[in-house]
Amino acid sequence: MKKVTYIEAITQALYEEMERDEKVFLIGQDIGLYGGVFKATKGLMDRFGAERVIDAPISEVYIAGGSVGAALVGLKPVAEIQFADFITPSMDQIIQQMAKMRYRTGGSWTCPMTIRVCCGGEVGGGLYHSQINEQWFFSQPGLIVVLPSTPYDAKGLLKSAIRGNDPVIYFEHKRLYRSVKEEIPDEDFTVPIGKAAIRKEGKDITLVAYGLMCQKTMEAIETLEKDGISCEFIDMRTLRPWDRETILESVKKTSRAVLVQENSKTGGVMAEVSATITEEVFDYLDAPISRVCGLDVPMLPFAPPMEHFFLPNAEKIVRVVKKVMEY
Amino acid sequence: MKKVTYIEAITQALYEEMERDEKVFLIGQDIGLYGGVFKATKGLMDRFGAERVIDAPISEVYIAGGSVGAALVGLKPVAEIQFADFITPSMDQIIQQMAKMRYRTGGSWTCPMTIRVCCGGEVGGGLYHSQINEQWFFSQPGLIVVLPSTPYDAKGLLKSAIRGNDPVIYFEHKRLYRSVKEEIPDEDFTVPIGKAAIRKEGKDITLVAYGLMCQKTMEAIETLEKDGISCEFIDMRTLRPWDRETILESVKKTSRAVLVQENSKTGGVMAEVSATITEEVFDYLDAPISRVCGLDVPMLPFAPPMEHFFLPNAEKIVRVVKKVMEY
Amino acid sequence: MAEKKQTAKKPSLKQVGLSEQGLMDLYTNLLKTRLLDERLRKLFRQGRYAGTYFSAVGQEATTVGPTYGLRDEDIIAPSHREIGASVTKGVPLDVIIGQVYARRNSPDKGKSHPCHYGYRARGVITPASTLAGQTIVGTGCAMGFKILKKDNVVVAFFGEGSTSRGGWHEALNYAGIHKLPIVYICQNNLWAESVPATLQAGIRDFADRAKAYGFPGVTIDGNDVVLMHRTAAEAIERARKGKGPTLIECKTYRWYGHSEIDPADYRQAEELENWKKKDPVLRAEKFMMDLGILTTPKREALVEQIDQEIDAAVQVCEKEKYVEPEEAYNDVYSEDFPVWRDEY
Amino acid sequence: MAEKKQTAKKPSLKQVGLSEQGLMDLYTNLLKTRLLDERLRKLFRQGRYAGTYFSAVGQEATTVGPTYGLRDEDIIAPSHREIGASVTKGVPLDVIIGQVYARRNSPDKGKSHPCHYGYRARGVITPASTLAGQTIVGTGCAMGFKILKKDNVVVAFFGEGSTSRGGWHEALNYAGIHKLPIVYICQNNLWAESVPATLQAGIRDFADRAKAYGFPGVTIDGNDVVLMHRTAAEAIERARKGKGPTLIECKTYRWYGHSEIDPADYRQAEELENWKKKDPVLRAEKFMMDLGILTTPKREALVEQIDQEIDAAVQVCEKEKYVEPEEAYNDVYSEDFPVWRDEY
Ligand SMILES: Cc1ncc(C[n+]2csc(CCOP(=O)(O)OP(=O)(O)O)c2C)c(N)n1
Ligand SMILES: Cc1ncc(C[n+]2csc(CCOP(=O)(O)OP(=O)(O)O)c2C)c(N)n1
Ligand SMILES: [Mg+2]
Ligand SMILES: [Mg+2]
């Protein structure tokens with residue numbers, strides 16, 4: 001067991017999967033010579049060569065669509081989109097080719113591949129280096145969408161993505177790259193896609209989050225527990241297909257839920273979670289489900305006061321949870 | 001008062017706005033010489049010339065992004081994306097330029113423009129001529145999103161979009177083009193953006209829909225009313241910013257809601273509506289809010305049995321409403 | 001201006017680079033494509049299947065020529081007007097017609113759209129409608145072949161209108177950097193739906209676009225199947241040897257509307273008449289007859305035989321049913337992830 | 001290969017097409033850009049503002065040359081390394097520095113990102129980070145000018161790496177079809193972040209890309225401000241007269257990292273040293289001194305004056321506060337649509 005950061009866990013996963021299976025290759029901007037703008041792919045070109053660690057031109061359309069092609073002839077592409085903000089040009093290839101390859105060919109062609117997308121705020125990135133845009137992929141049948149919050153999950157989910165048989169959008173949160181560290185096993189392990197993690201059991205209220213918001217929620221829980229509120233906390237980890245069962249079971253138990261989302265509220269992932277809870281376990285609810293989300297303005301204004309104001313944080317979560325508890 | 005179809009109403013709006021304001025121009029594929037693949041722009045090139053009715057190359061990126069530029073220098077672009085399925089390449093320009101122009105420039109540059117997007121299923125269009133993808137734009141702060149269901153609204157909302165000061169995604173449903181017809185005033189009128197329409201008052205349950213689903217819902221209501229269920233029916237018309245007040249007031253009155261959406265369920269517009277209802281008027285609810293949506297598979301498989309199976313229809317709505325009423 | 005411009009010279013059998021039998025095969029594929037296409041048009045007008053149909057009549061040589069001679073594992077990346085590539089790649093006729101009929105026996109089980117001919121067993125990628133989509137994906141296949149160190153090639157087809165798309169540019173740019181084993185066939189039929197090529201680009205010869213990518217571009221007569229085959233075969237050979245891509249622009253013309261519901265009244269009757277005189281099938285026939293390989297009786301026998309083949313395949317498809325509604329739930333994911341099913 | 005390739009000949013004042021004063025102005029803008037850029041780098045290292053900084057030191061001539069002489073209503077469509085265009089277009093220094101400081105006085109009120117210099121009053125479009133974004137939007141401005149029958153032009157700037165983007169292709173393709181009044185300036189500094197130009201395209205001269213669009217492309221020495229100005233001014237004149245776009249590729253080099261946090265250790269020290277010898281500012285100085293327009297004392301006085309100007313502008317910005325948090329709610333829509341505010 002070694003202590004590794006979130007980004008080290010990603011590098012390890014890439015390294016080990018490339019060692020394991022020579023069909024795995026990487027393509028993305030600045031990932032080779034430079035080792036990635038955040039150094040996630042550091043050392044990989046030295047080890048595996050320029051044919052398997054490809055420094056791509058500024059061509060997000062091709063990075064996504066070309067990877068689809070490589071998957072069709074039997075490779076296991078792991079493409080990188082440098083910032084989630086720059087995934088917009090790839091939408092065409094992701095939605096119309098990658099997500100639907102199996103469906104539109106009646107299962108004759110398949111498209112097992114992974115797109116790593118560096119995402120998220122609270123790094124002073126401003127409007128164009130803070131986006132996530134996870135909701136677009138969350139709503140697309142045919143895609144798998146994950147967003148780990150711990151080094152263990154970062155490594156285990158990336159391995160599952162690469163080994164799997166389906167197209168995966170793998171979000172990695174840049175704010176977590178070096179801010180979280182934990183011991184992970186030395187031996188090979190994976191984390192199953194589609195299963196949420198109950199990070200903490202509790203009985204008064206269910207809190208649900210993913211990505212950076214897990215940290216904020218855990219922080220809030222510390223305060224809340226001191227105030228005698230017993231919180232159950234679920235880290236979604238996989239956004240599509242999301243783990244309905246774990247969340248619904250928890251709400252059945254606690255009868256209350258607060259959902260935390262970094263991105264703007266309207267049309268986000270937590271709207272679906274909330275709607276499903278109401279649909280499925282309405283009778284168990286003792287209070288309205290509440291969401292704590294990013295502001296409904298473009299994600300994410302640069303100047304520090306606005307960035308801070310935009311994002312959910314422990315204080316906001318505490319206030320909302322207390323309101324729900326008092327209901 | 002003349003009876004006009006939905007598509008005629010659109011043509012009229014374009015014609016009249018181009019007459020009214022010479023800054024209005026159109027750009028899109030096959031809109032000039034051909035008059036549009038569905039003939040929505042028929043006759044406009046003859047009347048206004050090729051400089052104001054531009055037959056664009058197959059360049060969805062440019063159609064959106066070039067229009068942004070034209071708006072910056074004072075024009076009022078009305079761009080056409082031939083099918084919502086082909087809006088994916090434009091995502092970059094819509095999300096990163098058009099939606100955020102005002103915000104990212106602190107209000108110094110603005111981007112009043114309209115993108116007309118032909119959308120929707122039940123026309124045997126298969127996977128690539130049936131999409132809507134409205135949820136992507138619904139979740140984007142900075143955009144206005146409308147989707148009319150009647151000729152009156154089609155005309156009035158398009159005029160509001162063109163005259164307004166904000167960027168608008170104007171969805172038009174191809175299934176409605178020639179299947180609905182109504183009398184509309186001869187004189188100039190607009191329909192305000194952001195206001196839903198209460199199509200029918202009722203007291204037992206609130207039904208909410210938009211686009212083609214309005215027809216299906218009205219059909220269902222005929223059956224339901226015969227069975228003694230008094231339905232209030234709201235046509236959202238504007239998706240962003242959606243009319244919270246009208247919907248919440250209605251649910252406060254009826255205490256029950258069923259939301260109908262053509263697109264796949266997960267992450268759709270109705271998830272937000274449902275989540276908001278629970279958040280805001282939980283106490284008034286006598287039953288869980290239910291959604292009737294397209295299947296969670298890529299929209300929309302071609303073969304008629306699958307297309308039919310995918311889409312919500314009157315029977316499905318009736319069944320779900322009854323279940324909610326029995327709750 | 002393109003790097004070289006060729007007009008059809010009368011090549012001897014030797015120049016063609018094909019045996020008599022080879023030439024006969026090439027012609028048979030051409031004729032089969034024509035007969036099948038006209039048959040499918042007729043069946044559409046008779047209301048035998050839903051959706052629409054994109055005819056390639058008039059431009060068969062542009063797909064048949066380059067495809068003939070490819071290996072099974074070589075990849076075809078088609079758009080919407082490449083029925084000739086499927087025929088020539090050896091996709092069974094009932095599979096091709098099945099796709100149009102969208103019944104249970106269609107390779108896509110009726111999920112996508114008619115005319116999206118794909119067939120994995122013969123390396124034909126099923127197209128999506130988004131134009132130039134397969135140019136991008138096909139380029140990715142070529143990248144894959146290179147990484148895998150296989151000596152396979154990709155032949156990607158698209159219309160001149162599709163070259164306006166940004167993704168098309170990104171694909172060719174990438175292929176140029178890495179000298180990928182791919183041949184790009186631009187079927188310039190002068191129109192993209194109703195938009196003339198002059199409103200699609202500020203150049204006349206679309207092969208010029210190759211100059212932006214550092215590989216050869218040639219403009220040739222697309223209605224000469226022998227020239228099409230020879231030019232493509234050379235490029236394919238180059239690609240197979242690791243010498244990189246070629247862009248071949250072939251000038252041709254579609255005789256009918258963009259799809260069967262388009263009267264194509266944006267075009268001048270004269271333009272069409274001129275092009276009909278350059279019928280690629282008649283031209284090939286004349287060429288073969290001049291060479292003494294084909295005779296009228298032989299041709300008639302061939303037509304008869306192909307018609308019977310088509311009859312049989314149509315029969316198969318007519319008898320097929322559509323899939324069950326619940327088929328909509330399949331093929332979204334691998335079996336690892338079942339689709340959520342709501343009961344309404 | 002590009003259509004013509006020019007190296008800097010020593011032009012006489014007449015050839016330059018500028019008066020002595022004009023030449024002096026051109027030089028002043030060049031020097032001001034250099035001094036401002038180095039100052040902003042220093043301020044970043046001192047931690048005076050957040051985010052990062054993209055230096056354009058070494059490539060000032062590519063932005064100053066084309067911009068000098070434009071009208072106020074002409075549009076500049078910049079990317080991230082065009083501080084020289086803002087300086088030359090006459091954007092006040094406190095506005096430029098304000099953008100970097102992201103305070104209340106920034107034109108974007110601190111919303112977007114440092115180095116996204118925009119200023120409507122001088123026709124400078126505020127960039128988004130998505131590369132080639134302003135090439136596309138700028139082309140739309142040119143389309144607008146044409147529809148409005150105005151004789152304004154657009155000058156769009158981008159790096160060689162940005163030409164790989166599909167949207168870039170769509171924009172230039174459109175401009176070629178409609179002969180729009182726009183001049184495209186490709187600053188080929190050999191690197192896109194850490195990716196060398198050889199991995200960005202299969203060609204050496206990016207001006208060759210114009211051949212795909214039917215308008216002229218020229219490759220010139222980007223470190224010769226006079227040549228830059230003259231070449232661009234001719235192209236601008238052509239564009240203004242309705243004769244269509246030009247693509248000007250200028251070979252240049254960025255001295256420092258991609259941004260201030262990049263050590264740029266992917267490059268060879270030698271490459272940098274060679275380029276430093278071609279310093280565009282020193283070169284302009286020498287040229288002016290040879291012509292007898294500039295003297296060392298005059299230059300020193302100018303440096304002094306510019307430094308004071310910069311000092312004053314920095315002072316203004318240092319005193320400014322950030323906006324209030326609630327400013328985040330403004331400018332999402334026009335006043336017609338207030339933003340929904342949740343209370344947490
Ligand atoms: C991205 C995209 N935009 C628009 C369309 C609609 N469309 C289908 S075919 C076509 C014209 C294609 O022209 P071309 O590439 O020249 O091929 P051709 O039809 O002439 O064979 C258009 C505009 C589409 N399928 N995809
Ligand atoms: C669409 C997009 N992809 C990636 C990036 C990240 N990025 C910022 S600058 C840059 C390199 C740009 O290279 P070039 O166009 O040559 O300009 P230069 O930095 O050399 O001036 C990259 C890859 C981006 N901003 N936008
Ligand atoms: Mg064509
Ligand atoms: Mg560069």
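So that the names make sense, note that chain A is the first sequence line, chain B the second, and so on, each numbered from 1.
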Between [X] and chain D, with a heavy-atom cut-off of 4.5 Å, which part of the residue counts as in contact: side chain, backbone, both or neither?
X        : value
A:His308 : neither
A:Val61  : neither
A:Asp85  : backbone
A:Glu307 : neither
A:Val37  : side chain

Once you round to the nearest 0.5 Å, how far does [atom1] of [X] lie from [atom2] of [Y]?
X        : Y        : atom1 : atom2 : result
D:Trp191 : A:Leu33  : CH2   : CG    : 6.0 Å
D:Ser129 : A:Leu127 : OG    : CG    : 8.5 Å
D:Trp340 : A:Ser264 : CH2   : OG    : 15.0 Å

Is chain A contacted by the side chain of [X], its backbone, both, or neither, given a heavy-atom distance below 4.5 Å?
X        : answer
D:Leu199 : both
D:His258 : neither
D:Glu324 : backbone

>> Using only atom types and a distance under 3.5 Å, with no angle test, would you say the side chain of A:Arg319 pairs donor to acceptor with the backbone of D:Tyr344?
In response: yes
Out of [options], which one racks up the most heavy-atom pairs below 4.5 Å with chain A?
options                      : value
D:Asp331, D:Thr130, D:Thr52  : D:Thr130
D:Gly166, D:Pro114, D:Ala201 : D:Pro114
D:Asp265, D:Val332, D:Val195 : D:Val195

>> Quick one about D:Asp262 and A:Tyr34 (side-chain donor to acceptor, distance below 3.5 Å, no hydrogens or angles considered), yes or no?
In response: yes
>> Are D:His113 and A:Tyr128 an aromatic pair, judged by ring center distance below 6.0 Å?
In response: no
